[in-house]
Amino acid sequence: MTLYAVRQTIHYDFARPTGAGRQLFRILPADIPGRQRLREAGYAFQPDVGERGEFRDFFGTSVIEAAMPPGLTRLALTMHSVVERIADDALLDLSPRLRGLAAELAAHRTVGPRAPHHFTLPSRRIAATPRIGAFAQDLRCDQCTVRDMVETLGLALHEHMTFDSKATSVNTTPEDAFVQGRGVCQDFAQIMIGALRRLGIPAAYVAGYLRTLPPPGRPRLIGADAMHAWVRAWTGEEMGWVDYDPTNACFVRTDHIDVGFGRDYDDVAPVTGRLRLDGHQSGSHSVDIEEITP
């Protein structure tokens, strides 16, 4: 078990006073039995926006909803939380062979938020594309277990892609990022999800935070941590969902802190909504994660 203090700040400057609007923020760490416990959490707007509230979306992600008053020239949202992260040491592979997964999926009768059926088909941002489909089929191994197939695909994608924060934007398609072989965690995750779905493996997009460690002998920088994205794959009835981070070529453990999951980035984007603007705006965000003593 590892305990973290997580702090995030989202800041906007507007060239001219804004009109009214409504914004949704998905930034609060999740509370997941047996995996992650949210011990405390709070947030504050500067200036205070007045009307606000919280709700959970279909997939269970906590959402902060705020009605934005007119006349804003700046806005900052600061979130702080204390999160207990429990390691998932799933070393024993209980997943079926890939060829047997379709039968287990067909026998799964529930349709709640964690049901694998929501994550089998193409979604708005993750279309079925020929190049990613061919990449997946070249790696297909029907005799391999589903968990091994997830890892094999993740390692191959990590080898194919180079992390480059300037190569893509939030609206770059997975196919375009795959063709150029460069991108950020959002691209890695959505490419891998498309490939897994092509193999018949249900796969979800997970948003959260990743604790980063400085090089040996170097001080840790405040704000050096970032929001991150990885993949959640359904590996059969007995083993269930398994999280894999293709950007870092590893199964997820205690350095990853969940916020929420969905079919693709749109379901768990940190900021969505509408705000009337007349002129230029600039924005920034920073994340700080610090391990604390229980």
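Note that the structure is predicted; figures quoted are calculated from it, not measured. One is the number of the first residue; the rest follow in order along the sequence.
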Q: Please step through side chain to side chain contact (heavy atoms under 4.5 Å, CB included) for the pair M79 and V6, ending with a clear verdict.
A: CA-CA 8 Å; M79 181 278 298; V6 182; 4.2 Å; yes
Q | Steps toward salt bridge (Lys or Arg N to Asp or Glu O under 4.0 Å) verdict (D164, R182) | A | CA-CA 6 Å; D164 184 345; R182 310 182 80 83; 3.0 Å; yes
Q: I would like to know whether R232 and D243 meet salt bridge (Lys or Arg N to Asp or Glu O under 4.0 Å); could you show each step before the answer?
A: CA-CA 4 Å; R232 182 163 293 161; D243 284 18; 2.7 Å; yes
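A donor-acceptor pair is defined here as one N or O able to donate and one able to accept, closer than 3.5 Å; such a pair exists between the side chain of H158 and the backbone of P246. Side-chain N or O atoms of Q186 include one that pairs as donor or acceptor with a backbone N or O of V170 at under 3.5 Å.
Using a cutoff of 4.0 Å between basic side-chain nitrogens and carboxylate oxygens, E291 and R85 are not scored as salt-bridged.
Under a cutoff of 6.0 Å and an axis angle of 45°, R131 and F178 do not form a cation-pi pair. A cation-pi geometry, defined here as NZ or CZ lying under 6.0 Å from the six-membered ring centre and within 45° of its normal, does not hold between R198 and F135.
Other residues, nucleotides and ligands place more than 12 heavy atoms under 6.0 Å from the CZ atom of R39. Taking a 6.0 Å sphere around CZ of R52, one finds it holds more than 12 heavy atoms contributed by other residues, nucleotides or ligands. The local environment of CZ in R263 is sparse, with at most 12 non-hydrogen atoms from other residues, nucleotides or ligands closer than 6.0 Å.
Proximity of H228 to D245: side-chain heavy atoms (C-beta onward) are separated by under 4.5 Å at one or more points. Contact annotation: the side chain of N248 never approaches that of D255 to less than 4.5 Å [non-hydrogen atoms, C-beta and beyond].
With ring centers used as reference points, F119 lies under 6.0 Å from F59.
Checking each of Y244, F251, W230 against H256 for a ring-ring contact (aromatic ring centres under 6.0 Å, His included) leaves exactly one that passes, namely W230.
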